[in-house]
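What follows is a set of notes on a single structure, which appears directly below.
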Amino acid sequence: TMIDPHQMVINAIRSVPDWPKPGITFRDITPVLQDPRTFRVLMDIFVYRYMRERLDLIAGIDARGFIVGSVLAYELKLGFVPVRKKGKLPFQTLAEEYTLEYGNASVEMHTDAVRPGQRVLLVDDLIATGGTMLAAAKLLQRLGANVVEAASIIDLPELGGSKLLRENGASVFTVCE
Ligand code: PRP
Ligand code: ADE
């Protein structure tokens, strides 16, 4: 019997209550990756969306955006560049700060990771407040890139991140809510 690919991904996402702290339900994608058919179905959703799009590069966000982003880059025959948490990249970097529930965090990219005018797809696993994705998009724009879309597996719409990104002019694609 036929199974809807989006539903197959949704069914494999594990919700872990009270992690990493009380009141947070963590949406764990490791079972999606662990099952070979579900992993393939997930990647095919992204591949079909972007196979006819003019893209130059995939930018994946530390850490789970690396997994989806690098598979997608390989499949679309594109290069991959990492958007990393502070202090991980060895060469000359540009940083963008963003606010967490308490305190600040920042993401970094190598200054030579993109060339001005390149059409970049930004990829992560999940959009919550949208702070991480927005900071990454700003970094890419500061480097002169054209952020074609922000793509992720999961959107948590009640946290307002996808709305915030769209208000800031980004196109957003997510596989499920
Ligand atoms: C998670 C997730 C996104 C981000 C989304 O990563 O993978 O990158 O949070 O949250 P936001 O929309 O509120 O910014 P996390 O910061 O937990 O880091 P990790 O990849 O190192 O686990
Ligand atoms: N990042 C921010 N909120 C998250 C959640 N609820 N599950 C997984 N990753 C997250």
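Bear in mind the structure is a predicted one, so any value in this text is a computation, not a measurement. Throughout, residue positions are numbered sequentially from 1 according to the sequence presented. Both backbone and side-chain heavy atoms feed into the values below; hydrogens, waters and symmetry mates do not. Just so you know, ligand 1 is whichever comes first in the structure, and atom 1 is the first atom listed for that ligand.
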- [ ] Give the C-alpha distance, both sets of side-chain angles, the deciding distance and a yes or no for salt bridge (Lys or Arg N to Asp or Glu O under 4.0 Å) between Asp62 and Lys85.
- [x] CA-CA 6 Å; Asp62 198 348; Lys85 300 287 165 63; 5.2 Å; no
Quick one: look up the protein heavy atom nearest [atom] and list residue, atom name and how far away it is.
atom: atom 6 (O) of ligand 1; answer: Arg64 NH2, 3.6 Å
atom: atom 8 (O) of ligand 1; answer: Asp124 OD2, 2.5 Å
atom: atom 10 (O) of ligand 1; answer: Ala128 CB, 3.7 Å
atom: atom 7 (O) of ligand 1; answer: Asp125 OD1, 2.5 Å
atom: atom 5 (C) of ligand 1; answer: Leu126 O, 3.5 Å

When you check the gap from the basic side-chain N to the acidic O, do [X] and [Y] get nearer than 4.0 Å?
X: Arg49; Y: Glu53; value: no
X: Glu96; Y: Arg142; value: yes
X: Asp56; Y: Arg119; value: no

Task: Co-membership, hydrophobic cluster, residues Leu156 and Ile13, 4.5 Å side-chain - done: yes
Open item on the list: When you compare the side chains of Glu97 and Ser106, does any donor N or O come within less than 3.5 Å of an acceptor on the partner?
Closed with: no
Task: Closest candidate by heavy atom, reference atom 12 (O) of ligand 1, pool Gly130, Ala63, Ala136, Gly161 - done: Gly130
Open item on the list: If you take the nearest heavy atom of each of Arg84, Lys85, Met133, which one is closest to atom 19 (P) of ligand 1?
Closed with: Lys85
Greater than 12 external heavy atoms within 6.0 Å of [X]'s [atom1]:
X: Phe26; atom1: CZ; answer: yes
X: Gln34; atom1: CD; answer: no
X: Gln141; atom1: CD; answer: yes
X: Arg115; atom1: CZ; answer: no

Proximity to ligand 1 by part of [X], non-hydrogen separation under 4.0 Å:
X: Thr129; result: both
X: Asp62; result: backbone
X: Thr132; result: both

Contacts table for ligand 2: protein N or O within a distance under 3.5 Å of ligand N or O, distances only.
unit_1	atom_1	unit_2	atom_2	d
ligand 2	6 (N)	Thr25	O	3.0
ligand 2	7 (N)	Arg27	N	2.9

